Amino acid sequence: MRRPTPSPAEESASRRIVGAFLVSAAGAVGFAVTYGLGGDTRWEGVCLAVAFAGLAVGLAVWARRLVPVGGYVEEHEGFTPPPAEQAMTAAEFAAPDSPTRRYGLLAALGFALTALGVAALFPLRSLLPWDRVRPPRALKDTPWGAGVRLVDGTGRPLRPDDVPAETMVAVFPEGDPDAGDAPAFAVRLDPERFSRPPAGGHLGGLVVWSMLCTHAGCPVRLYLKGTGRVLCPCHQSSFDLLAGARAVAGPAARPLPGLPIEVGPDGFLRATGDFTAPPGAGFWSRP
Amino acid sequence: MIMDRLARALDDRLRLSPVTRRALAKVFPDHWSFMLGELALYSFVALILTGVYLTFFFDASSADRVYQGSYAPLDGSTTSAAYASVVRLSWDVRAGLLIRQTHHWASLVFLAAIVLHLARIFFTGAFRKPRELNWLIGVTMLTLALANGFTGYSMPDDLLSGLGLRIITSVVESIPLVGTWLAALALGGEFPSDAMIPRMFVTHVLLVPAVLVALISLHLGILVRQKHTQFPGPGRTEHNVVGSRLWPSYTLRSLALFAWVLAVLFALGGLAQINPVWLYGPFEPAQSTSPAQPDWYVAWGDGALRLFPPWEFRIGGYLVPAPFFPGVVLGGLAFLALYLWPFAERLRTRDRRQHHLLDRPRDHPVRIGVGVAALTFFAVLVVAAGDDVLARLLGVPVYDLLYLFRILVLALPILTGAVAFLTARALRRGEAASLGDLTRADLRRAGRPSRRPSRRDDEPETPAPDRPGERIELWPEGEVWRWRYRDEARRLVLTANRVAVSEEEAVEAARLAYPGVDRVVVPGPPAPSPPGPVRAALRRWGRAAAAGSLLVAALVERRRDRRRQRDGDEGDPREKADAAPRGGEPR
Amino acid sequence: MRRPRAVTLPALYPRRALVVGSVLALALGPVALAPAPDPTPTPSATTPAGDRGAQLYLEQCASCHGVRGQGSQQGPSLVGVGPAAVDFQLSTGRMPVSREVSQARRREPVFSADDISALVDHVASFGGGGPRIPRVASGDVVSGRDLFAANCAPCHGAAGSGAVLTNGWSAPPLYDASATQVAEAVRVGPGLMPAFPGQVLTDQQVDDLTSYVRRLRTERLDPGGNPLGRLGPLAEGLLAWLAVLVLLVAGVRWLGRRAAE
C-alpha cells in the first residue's frame, strides 16, 4: 500500500520519539562508560534510569500519539454454561463405568492417599534440631550454670573491680559467648537505692541481669545513667533496675531475669546457677 | 522479512494463529487504575532480574569468614560468610551496590503496588463473582510477597535485620502450645541457628518465587479467561469489554510502563541509599542498634507490638505472652478478613449474579467505610513503628507519643471510616458528580438512616437496555465479516476487536456483546477514516535518524522493516484489525 | 533568629507538628533540635589572664553551680567532675545555659578556646580530681568499629545518627563531635550516658573508637547515594511510597488516559 503523507502533529510526535530513544541510547552508553571507568553507584543508577526513562517516554508518546486509542469492543460470553452442556459433562461422570461410582474402591484409594500424605509429613521432622533437647526445654536452659565464669566481650574473665559504678558491662558465659540466650549485663548500683532486691541477688551493689528483653528478645542495651533504668531499642520497653528490673513502661510485661553470682576462689566473678527465669520472650510452657 | 518468515514457520508447525489472533485482539479498558497491577508485575520482574544477579555473589552461610576488601572498618574482621559477601558485593563488586539497592527498592515498590492494586480491586468490587478465585490468589500472593520481603531483608545477617529476626522468632514462640516447636522447625535450632541463613536463602530464591511465578501465571491466565472488568459507561454492558486492543495500543503502553518502572527503580537504587549493612555491622546476639525498624510492609506488625499494652495471662499454668495478640492474632485476623471478604459481602447482599461492570466506590458505602477504616488502622500502625524516630525529630517524650498512638489507632479508623461512609452515601443519594459538587443538603441527607432497604442500597444500577438509536452494523469485506456498534444519540462507534471468518460468527459475537440490539447488514465499510499515522511516522523516522547518526538510522530502519512486515498496514483501525492476526498477508 | 523558636518549640511542637502530620516530619529529615538559648557573651578583655577563668565563672556559671562549684537547686556540683567534663560541656556549647533545661543541646560554643581552658583551670581549682582531657591519637578503625558496635551503637545508633531515650531525652547524632569531644564523652559520660573509665576501655581503645566515630561523619561511608538521614527503613519506606505515588501512579495515569487529539 502507498504511504500516506504524515500530518504535522505526527511529524512532531515522531521527532519526540526519536529524541527520546536517542537519549535512552546515550544513557546506556553512559552506564557502560561509568562501569568501565571504575563504577560509581550514583552515576550508574542515573545512567540506567535515563536509559529506561528514554525508552518509556518514547514508547509512551508512540502509544499516545501514533496509535489510535479506544473504540473497540469485545464480546463477553459470561460464565453461565448452557444447561445441556453442563448436563452432558455431568453424565460423563455418572456413566456406569465411571470410576466415581465405585465408592468402595474410592474409599480405599482415599485411605491409601491419606496414609501417604501423612507419611510424607514425617520427613518434615528432620527440619527440627536432632541432636538437641526438645525446643521448650532448650529455651529454658542457657549456657550459664554453677561455676561458669563471667567474661567480657573479648573473653577476659572479670573481677568485681572491673565493673565500675554507673556503666553497663556486657558479660558472657566463659566458653560459649555466642549463644543467643546467654548475653547478660553487669552494673554496679547503690544497694541503698534498691526498692526491691534483685532476683539473682547482688554483691555489694554489683548485679547481673539477662540482656534480653522479656517482650520480644532484643538486647536491652540502652542504659540511662543515674536513673537505674535500661531501655529496649526495639519497642521502647523500659526496666527499673532499682526495683528488681521490673518492666515500668512499654509493652514488656515481665521483669528481666537475674543471674546469681559469687566471687570464685580465683578472684573472678562466676555464676552460681542459671538465670532466675528463662531469658528473653515468653512462650507457652514458660514457668 | 525475517520476522515474517519466522512467524510463518512457527505457525506452520504449531498452528498458533487462531490463538494469536484472539490474544492480540484482547481488549483492555481505557482507565488508568487497571494498570496498577502491572506496576506490581513489573516490579516483580525487576526483582527477579536483579535478584538472579545477586545470587552469584551472595554466600548463604553462617560460617566464619574473614572480610578483606575496600571497606576499611571491616577489613580483616571475621563475620558470617553471608554478611561478608554482602559487604563485598556492596563495596568491591562493580555495579553490585546498584543492583543490590535496586533490588531492595524494588521490593518496597512491589509491596506498595500490590497494596494499591488490592485497594483498587476492593473499592470497585472487582472481586465479586466470578472473580473470587483471583482475589484469593491475589491475597495469597500478598502473604508470599511479605514473607519473601522479610527473608530477603534478614539474609544479609546484619545487626538491624538480626533484631528483626529475633523479634519474629519471639512472635512465633508466643503461639500457644506449638510456638516453640514451630520456631525450632523453621530455624533448625535455637535462635540464632547455623541453619537459618541457608534455609531463608532457599525460601527466598527458590520456594516462594517459584510459587509466586506459578500464582502470577494463574492470576493472569484467569484474567485472560474471565476478561477485564470495566466501569459502566455508554456502550458498556455486562456482556462486553470496551477499550483498546492489546496490539498495538496496550503492547506499547505496557512496554512503556515496564521501562518507566525500571527507570524509577534504578534512579532510586542509584540515588538513595538503602539498608547500608556495612554501617549496621554484623549480627551479634548481645549487640543492638537504635532506632530499630523493619521495612515498611512489616512495620504494621512492629507498630502493633509497640502499641499493645503489657497484657499477658496464663491458662492452666501456661503462658500466653503479650506479643501473641499484636503479632499473631492481628495478622491472622487481617488476612482471614481479606480472604473471606468476597464471601461475607455476598452473604450480606445475597447477590449471586455475575458482575463484569465495576461499582463506583460510592455505590457501596459500607464497603468503602470498612476499607478506609482498615487502611487507616494499618497506616497508623506503620507510623507508630517509627514512634522513636518521630519522638526524636519532634523533641517529644517517646511515651507521650506511645499513648497518643494507642488512642489514634482506635479512634482514627472509626473517624475516617465514618467520613468515608457518609461521603459515599451523600454522593450516591445526592447524585453529585464529584466531591466538589457535594452540597450541604447532600451531607444532611447522608446522615439520616437509609430510606430504602439496605439490600437495595448495595445493588448497582444496571444500565438501561436497548435505547433507540443503537444498532449493530455488519458488512462483508472480502471473505471475512466485520461488525460495529453504533449509538447515534451519543455519537459513539465501537468497532469489533477482531474480524469474523463468517457472517454467523460476526452475528454471534455482536449478539453476545449487545443482546437485544437490532442488527443490520450494510453493503460496505463505513466512510474511511483519515490515513494512518504510523506508516508515515516510520518513514519520518528513517529520515530524521539518518540525518542524526548512521548507527541509529540502521537500528530504526531495521525496526521499520520489521514493523512493515508484521503490521501490514497500520493506522486505520478497520484494516489493522485483520492485518495483525494474519501476519501481514497480502490482501 | 533561633532564640524565639527555641523558647516556643517544646510547647508548640507536640501540638502543631503532630496535627500537621508526623509523617511529614520524617520526610523533612532531622530538623534542628531545640538549641538552648544562648546568653550574651561578655567580652571583658581588660581582665588579667589569670583571673579570666574566675571572672567568667562568676559571670556565667556561679548562679547555678555555686561560687565554689558546690552546686545549687539549679545546677549540679562541679567539684570532682574533672577537666574533661568541663571542656566537653563548654566546647560543645551545651553550657552555659540561661535557664534550667532537661537536656542541653549542642550548638556553637559561647566561649573562645582560651576562655574555655581558663574556665577548665578554674573549675579544676575546686579540687576533686576527675578525668583529664584525653589526648587523642589516630587509632585503628577496625577495632574502633567493633567497640562502637558493642558500646555506643545501642544509643547513638550503628550509623551514628542518634536515637531517642525516655522522658524526652535523646542520644545525639555524633557527626558534629570532634575527636577530643568524643573521647571526653566516653570518659565522662555526660547526662544519661554511662561513663567508660580506664578499666572498661583503655586509652588505645578510646583512640580506635574516636577514629571510627570521626569516619562515620564522612560521606565516603554512603556510596549508595543520599543516606536519607541514616534514619533507617521507615524513611526508606516513605521514599518508596512517594516514588510510587508521585512517579509511578502519575506515569500510569498519563499512560492510561486518552491523548487529547
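In what follows, chains are A, B, ... by sequence order, proteins preceding strands, each numbered from 1. All figures in this text were calculated on a predicted structure; none of them were measured in a lab. For the numbers below, each heavy atom of this structure counts, side chains included, while hydrogens, waters and symmetry mates do not.
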Between CE of C:Met193 and OG1 of A:Thr167, what distance do you get to the nearest 0.5 Å? 8.5 Å
Look up atom OG1 in A:Thr154 and atom CG in C:Leu147, then write down how far apart they are to the nearest 0.5 Å. 9.5 Å
Would a distance-only check, ignoring hydrogens and angles, find a side-chain to backbone donor-acceptor pair under 3.5 Å from A:Arg221 to C:Ala150? yes
Yes or no on side chain to side chain contact (heavy atoms under 4.5 Å, CB included) for C:Asn151 and A:Met168, after CA distance, side-chain angles and deciding distance? CA-CA 9 Å; C:Asn151 297 297; A:Met168 176 192 231; over 6 Å; no
For chain A, the option from C:Pro197, C:Ala153, C:Cys155, C:Gly225 that forms the most heavy-atom pairs under 4.5 Å: C:Gly225
Quick check for you: among C:Asn167, C:Val164, C:Val200, C:Thr166, which has the greatest number of heavy-atom pairs under 4.5 Å with chain A? C:Thr166
Check whether A:Ala170 gets within reach of chain C through its side chain, its backbone, both or neither, counting any heavy atom under 4.5 Å. neither
Given a strict heavy-atom distance threshold of 4.5 Å, which part of A:Leu231 is in contact with chain C: side chain, backbone, both, or neither? side chain
Residue A:Asp161 versus chain C: region with a heavy atom under 4.5 Å: backbone
Under 4.5 Å from a heavy atom of chain C, the part of A:Arg159 involved: neither
A:Tyr223 and C:Pro194: which non-hydrogen atoms are nearest, and at how many Å? O-CD, 3.6 Å
